Amino acid sequence: MSGKRFITVDGNEAVALVAHRTNEVIAISPITPSSTMGELADEYSAQGRENLWGVVPAVMEMQSEAGAAGTVHGALQAGSLTTTFTASQGLLLMIPNMYKIAGELTPFCMHVAARTVATHALSIFGDHSDVMACRQIGFALLASGSVQEAHDFALVAQAATLRSRLPFLHFFDGFRTSHEVRKIEAIEDDVLRALLPDALVRSFRERALTPDRPVLRGTAQNPDTFFQAREAGNLFYAAAPGIIQETMDDFARATGRHYRLFDYVGHPEAERVLVLMGSGAEVAQETAEWLADPANGGERVGVLKVHLYRPFDVARFVAALPKTVRALAVLDRTKEPGAIGDPLYLDVVAALREARDEGLSSFATEPRVIGVRYGLSSKEFDPGMVRALFAHLTAERPKNHITIGITDDVTHTSIPFDRDFDLEQPGRVEAVFFGLGADGTVGANKNSIKIIGEETANDAQGYFVYDSKKSGAITISHLRFGEGPIRSSYLVKRAGFVACHQFGFLARYGVLDVAAHGATFLLNAPHGHETVWHQLPREVQETILAKRLKLFVIDAFQVARDHGMGGRINSIMQTCFFAISGVLPRDEAIAKIKSAIEKTYGKKGTEVVRRNFAAVDATLANLHEVAVPDAVTSTLGRCPAVPESAPEFVQRVTAAMIAGHGDLLPVSAFPVDGSWPMGTSRWEKRGIAQEIPSWDAALCIQCNKCALVCPHAAIRAKAYDPQELASSPATFKSIDFKAAEWKGKKYTIQVAPEDCTGCTLCVQVCPAKSKSNPRHKAIDMIPVAPDSERRDAERANYAFFLDLPELDRAHVRLDVRGSQFLEPLFEYSGACAGCGETPYIKLVTQLFGDRALIANATGCSSIYGGNLPTTPYTTNRDGRGPAWANSLFEDNAEFGLGMRLAVDQHVAQARALLTSLSSVTPAITEVLVDALLTAEQAGEAGIAAQRQRVAELKRALAGVASPEARRLELLADYLVKKSVWIVGGDGWAYDIGFGGLDHVLSTGKDVNILVLDTEVYSNTGGQQSKATPLGASAKFAIAGKEIAKKDLGFMSMGHGNVYVARVAFGAKDSHVVKTLLEAESWPGPSIVIAYRHCIAHGYDMAQGCAQQRLAVASGAWPLFRFDPRRIRAGEPPLSLDSEKPKIPLRDYMMNEARFRMTEKLDPRRYRQLLSWAQAATDQRYSLYEQLATIRLPQTTDLPEAPLVSEPEEPAESAATAAAGRQA
Amino acid sequence: MNLETTYLGLALPHPFVSGASPLVDEIDTVRRLEDAGAAAIVMNSLFEEQITHEEMSAFFATELHGESSPEARSYFPDSSPLGRGPDNYLEHLRRVREAVAVPVIGSLNGSTPGGWLDYARLMEEAGADALELNVYALATDPWRSAAEIEDDTVEMVGAVRDALEIPLAVKLSPFYTSLAHFAERLVDAGADGLVLFNRFYQPDIDIEHLVVERSLHLSHSSELALRLRWLAILSGQVRTSYAVTGGVHEATDAVKALMTGADAVQLVSELLRKGPQRLRTMREALARWLEEHDYESVAQLRGSMNLHTCPDPAAFERANYMLILRSWKE
């Protein structure tokens, strides 16, 4: 046995550390929560770390998991030890290749951070629905329940696959294990070597495809032989459980950690046993052992932890159970609707039956078995639930097919449990920290866990919960340490230490709900220790007094500011934690913190380290214990989650979710099919901005650019009649509208004070400067405190503003200014402050939202677009708005095409019905029918007129009693033109969804594709895509990408009849408006590729528009429109809309950390990449320049629109009208 | 003609040195400077702001969004396994050092104590033969006294001196209340030489867009007078090595600088205007002037017109013009 070395890592790292050393080829595609494994493997290889055989593994990021699986299959066939990491939909995409790999008896071990498969909704969190979709493939399924097990089984599986020839799917719970930071015992190389002798590798290699000893694989077999051949591998499956157990035994000899296929724990003569796998088994073990302890009643309970689920070894299963068992609850972390029971339950029932039939079992009485579903999508599974299940099993006939952890008041599957039950854990410290993403709390806590884990004898655990917003995101860190082993894989319930790193949280969240009696409460507050008490909300004061909490305060932001650390208070709060908790002697703790700072930030520069050190040194002098008075003095109350004016559903459901009580909502609260009401984001007033815009009406030139760039629709423009002001609030600002088109109207720019994120894009873009004080613009940022008078006033002003009537769309001129008088039907999303893509989406909803269907690829836009609790897509006063749905990451173009086909069918049927009804129904006049069928709907006036005709038609239909009339009533609205939008990021359009996108472009169908190009996988954390530019550093291109960005626009032009454009709102907003109108009016496919600045580019988002201008000015992002209609007009179809590059590419690239990182890593290489990038930019511009001069021959019968499109709207008038509107 | 001189302890064949400027940006130009006979080459300036601002903005840009979403640990690769590569400036310094045989002097510009000072040591490691520390920044804070600022600067020079083996020059501006005293303190703190004087970017106003724009104008011979005066005053009193920079455009300008006490003459604007070749013609013209005026060496000339040796020292000390009776002497 080798000497013990402890490391503190999360589950993903624990696996990657083994997988990287035991493989040669690693092909992946990033997907939450498994991405980290691939990223780490890539980092290890970039660092030159070698595997056991002295070679640096090749790590390849693929365009999709299907691509990764194909690559894996090929590498395995050619004889390389190969692995991959994935989850959820990614695993599903691999299934076809997995069948092949298993059928070919190929040693292979993949690692899966098990994650919910999207059904009625997507979920990034953990359950076994993905893994269970693989149980029939022929892979061995090996489950880990903890970080240590994940580390250990990564090796056991790798060794066992070589020994048994069965491919392995090693899985562990997404987030709960993949993201839990734990102190574990590391596996050294000598253990790896002992488990992976050369002979095993040799026999694998000998079966490799090679021209030197060729064989043929992948034949096609026929009815005569396939069946028999499929049975030919049975012996391997029969032998596998024994081999795997032997491998576990060998592992035990090498490490001292002994596992069994089925590990029984608990009372040796248990009568009630839970059977389950994954992290839940740890909780069950912890609870069962506690219950079985004579001190706690000595209950006869136990847990059977399933490690090897496939192949299922019946004999070992029954042998592992105590003979005394009378009742079994089998727990599945998945749902198989319509099945007799969920998978593990069915297997256990079958196993017991077989065992009895075969005489393998020797139970005193045949145990009763029930199936329990638990923990879907990382739903908490805790000791209270385990205890409730054991109690449930005491019944003579316990109810079967139950759920635990929820309240099912519809089909009554759930059983009750005590939410407050917690196990007494003597000698254990539990702490909870509330922070913001941007303040570094999570990073500091990971670091603290590492310090405690590695510097003390304690076991240590950290788990981190994030909300779904990308701006102002709250993080909650749950830390445990003390005597091990810690098996508590659930959130801390009663913390002895609670820290709140953001004072504002006190008014919004029940921060102290988790505090134990007598706990310590550390608060970062902008108030001194003598005055802070009176600033606390009443509920907080009450809790402090009731629970007798000790209160410490520090103004950490002041300390951070004093030392040039901006809003980064992590090192400061970490120092406070160690100082107060006394885990380590203060000096020692500070030394460790500094050493961690040095290690983490040393590479980022000496100044970074120096400032962090200075902040740490200044901390203790600013940390004070508050003398807590003995009475509540505050009149401030906690804010309600949503205002009283919110609709019933929002009050009942959304509010609970916002308040963090979503777990308490019963099944009946939810729609049965995942449909969700529109416009819920307006009810969640987050008030996260420290400063909000203030409008100077006199200075304003009324260009509306501020409203156009606002990522959150939190600053808006309106023109309205003067009499509307009669009841305006006192501070509501208004001025005469300047331009001729709405002469006589009043004009207002209004901020939504609680929805603004303070990103300042509006200020940056504002062109109106004061002549006497140019620092003052028509829009300035002004500090605003929560509950301040100014915020209250603006809240009232905004409410008044929203109630002002909208302009008649039919008469709004569709340019930059006019577009912002149209109601945004996408508002207050949780996107990052300063997001560069939401302005495009908002604009689409302003121009077309009331008649749009949106297919949204998975990614940032689907998360801020559809992640609960609140969502931004909304409706106008008529109740119309964008119908939005997210299908998958890989299929979005096809999904949108399907919408188009369906709409076209509805239109065709409506037209047919209209025609047939008109001949038999006098009420439906020929004039009306004719007008409905030939309506010109290219502009808003045409749309409005058609809507009136449809209303007239419906009135007429109401008096007609025929089935056709009823059908037409339902379809009549489709006679108004619908606009199909297909929206997604570059990861979708360039990579995983490209095949589908390309196909949809080729169909000629009228769809509009909006590619929000951040040039990197933003949502999953900055992995390179084929849109990543040459020279940029990204995950999987750490040293800087060497290949130029794929020219999706140029490729799309190749279809010939596709409208193609590249836009950048920060560089030329008028071009964006014009382009979207043209794209939508083209009755064939359109693709608009939009430049999107992003946090993954590495600079202050306030500079997003300025950087977009540089992107265009340098030629990095040329603007163009390729319009097939221009061919007929005798013009070149390509219009190059940006000038010849005026500045070198370097001047654009030097502002962004993604390029600077490449430069920092290797300046010489960067210069080379820069010169290639400059050359590629020059070449592309030159190509476009030449293309823009090419006129194509005209033929007399050239179609004006794609021949395949529906003929109901004359294309010529559409194009002409669109052109007219742009004038 | 013996043009040899010693600057910062470096033996130079003649006094003409290429000053801190973008002339060193291209290795090719650096070679041309050497070919044209530059006695030493001063690197372009690396600014404190550049170092700290770059570090901190990269830190905030890459750290601020990490660990805030369940889907992403970070938005940038962890480049630390690759290590931070050589700094651009340092690598360039290294390449310049490799490209030429003449002394290469690093140039570091800043005013407040901070992590950036580490670059002094890094420049030495990268091969710099000496370091020029440009310590001036505009003092705009009404609450900070001249004494405080000077104390900080002296402390900073001392800290850099302690970190280095190579000679250290301090480049000054003329805007000190008591420059001679301050110069003395700097030399006490470990400066091996002084460079007179720094020239600054000057803000300009874009009256169309109402923004402030920075501009740097090339120097002119008229700027020399100020430098000559202070060279004369300082070199006569504060024993250290001197270089003049700013305003030398003719060989006769160099003669004046040497006479007032310069050991080296830094050229920038003249080289930017006329190219590296100008070094050769200046050197030849200097030699010619010395010959024509019967000097044997630069050494003979140097300091001949400083405060101690010039016939009329009061001319250097007098700030305002006034009529003085020729016949009367103290």
Side-chain angles (χ1 to χ4, degrees), chain A residues 32-33 35-36 39 42-44 46-47 124 175 179 436-438 440-443 446 464 466 470 473 475 564 566 568 601 603-611 769 774 832 863 1018-1022 1033-1039 1095-1096 1098-1100 1153-1154 1156-1157 1159-1164, chain B residues 26-27 48-95 110 112-122 205-212:
Chain A
T32 307
S35 309
T36 313
E39 289 168 19
D42 184 47
E43 281 170 18
Y44 300 157
Q47 192 183 359
I124 59 169
F175 282 103
H179 283 56
L436 267 186
T441 298
V442 170
K446 283 188 175 175
F464 308 93
Y466 311 81
K470 287 171 185 284
T475 65
R568 298 289 288 185
Y601 301 137
K603 302 281 186 195
K604 296 187 190 293
T606 49
E607 184 66 11
V608 175
V609 173
R610 193 189 66 81
R611 292 190 190 187
K769 292 178 183 175
C832 299
I863 296 303
S1018 299
N1019 191 49
T1020 47
S1033 174
K1035 289 171 183 168
F1036 301 97
I1038 298 179
I1095 56 168
Y1099 59 92
D1100 183 353
R1154 57 177 169 157
R1156 298 304 293 272
M1157 280 179 82
E1159 186 181 19
K1160 282 262 181 267
L1161 288 171
D1162 188 345
R1164 208 176 293 198
Chain B
E26 301 297 330
I27 292 295
E48 170 190 356
E49 276 179 339
Q50 196 178 333
I51 299 164
T52 55
H53 183 74
E54 197 170 293
E55 264 186 22
M56 293 313 294
S57 52
F59 168 73
F60 287 123
T62 53
E63 292 293 312
L64 211 53
H65 302 282
E67 304 283 16
S68 32
S69 157
E71 302 217 50
R73 280 183 308 161
S74 64
Y75 292 89
F76 294 91
D78 179 6
S79 58
S80 62
L82 300 187
R84 180 169 137 159
D87 186 275
N88 241 353
Y89 183 92
L90 297 173
E91 199 209 32
H92 190 59
L93 169 59
R94 210 168 278 125
R95 291 174 68 218
T112 55
W116 66 280
L117 281 171
D118 280 7
Y119 271 77
R121 185 179 45 78
L122 295 172
I205 309 295
D206 176 342
I207 57 176
E208 294 299 326
H209 301 103
L210 301 183
V211 290
V212 179

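Letters go in sequence order (proteins before strands), and every chain restarts at 1. In this text the structure is predicted, and so the values were computed from the model without any measurement.
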### Task
Mind ranking A:Thr441, A:Val608, A:Val609 by heavy-atom pairs under 4.5 Å with chain B and telling me who comes out on top?
A:Val608
### Summary
Nearest heavy-atom contact between A:Gly1021 and B:Ala72 is CA-CB, 3.4 Å
### Query
Judged by atom type as modelled, is there a donor-acceptor pair below 3.5 Å linking the side chain of A:Lys1035 to the main-chain atoms of B:Ser74?
yes
### Message
With a 4.5 angstrom heavy-atom cut-off, is it the side chain or the backbone of A:Asn1019 that approaches chain B, or both, or neither?
### Response
both
### Task
Identify, with sequence neighbours excluded, every residue that meets side-chain hydrogen bond (donor to acceptor under 3.5 Å, both in side chains) alongside B:Thr52.
none
### Task
Evaluate the criterion side-chain contact (heavy atoms from CB on, under 4.5 Å) for residue pair A:Thr36 and B:Arg73; output intermediate values, then yes/no.
CA-CA 8 Å; A:Thr36 313; B:Arg73 280 183 308 161; 3.4 Å; yes
### Task
Using a 4.5 Å cut-off on heavy atoms from C-beta on, say whether the side chain of B:Thr62 contacts that of A:Lys604.
yes
## Note on the structure
Residues passing the side-chain hydrogen bond (donor to acceptor under 3.5 Å, both in side chains) test with A:Tyr1099, sequence neighbours excluded, are none
#### Entry: Structural part of A:Leu436 lying under 4.5 Å from a heavy atom of chain B
neither
### Query
Which bit of A:Phe464 comes within less than 4.5 Å of chain B, counting heavy atoms only: side chain, backbone, both or neither?
neither
### Query
Of all heavy-atom pairs between B:Ser68 and A:Ala473, which one has the smallest distance, and what is that distance?
O-CB, 3.5 Å
### Task
Please determine, among A:Gly1022, A:Ala1153, A:Ala1096, A:Pro774, the option with the most heavy-atom pairs under 4.5 Å with chain B.
A:Ala1096
### Query
What part of A:Thr1020 gets closer than 4.5 Å to chain B, counting heavy atoms only: side chain, backbone, both or neither?
both
### Query
With a 4.5 angstrom heavy-atom cut-off, which part of A:Ser1018 approaches chain B: side chain, backbone, both or neither?
backbone
### Query
A:Ala438 versus chain B, heavy atoms under 4.5 Å apart: side chain, backbone, both or neither?
both
### Query
Any side-chain heavy-atom pair from B:Phe59 and A:Arg568 closer than 4.5 angstrom?
yes
### Task
Heavy-atom distances under 4.5 Å only: say whether A:Phe175 touches chain B with side chain, backbone, both or neither.
side chain
### Heavy-atom side-chain contact between B:Glu71 and A:Ile124 under 4.5 Å
yes
### Task
Please flag which part of A:Ile1095 lies under 4.5 Å from any non-hydrogen atom of chain B: side chain, backbone, both or neither.
both
#### Entry: Heavy-atom side-chain proximity of A:Glu607 to B:Ile51 below 4.5 angstrom
no
### Summary
If one checks every heavy atom of B:Phe60 against chain A at 4.5 Å, the contacting part turns out to be side chain
### Query
Does A:Lys769 reach the main-chain N or O of B:His209 with its side chain, forming a donor-acceptor pair under 3.5 Å?
yes
### Query
Is it true that B:Glu55 and A:Arg611 make a salt bridge, defined as a side-chain N closer than 4.0 Å to a carboxylate O?
no
### Task
Using a cut-off of under 4.5 Å on heavy-atom pairs, state which of A:Ala1034, A:Gly443, A:Ala1037 scores highest against chain B.
A:Ala1034
### Task
Report the option among A:Lys446, A:Lys470, A:Arg1154, A:His179 that has the most heavy-atom pairs separated by less than 4.5 Å from atoms of chain B.
A:Lys446
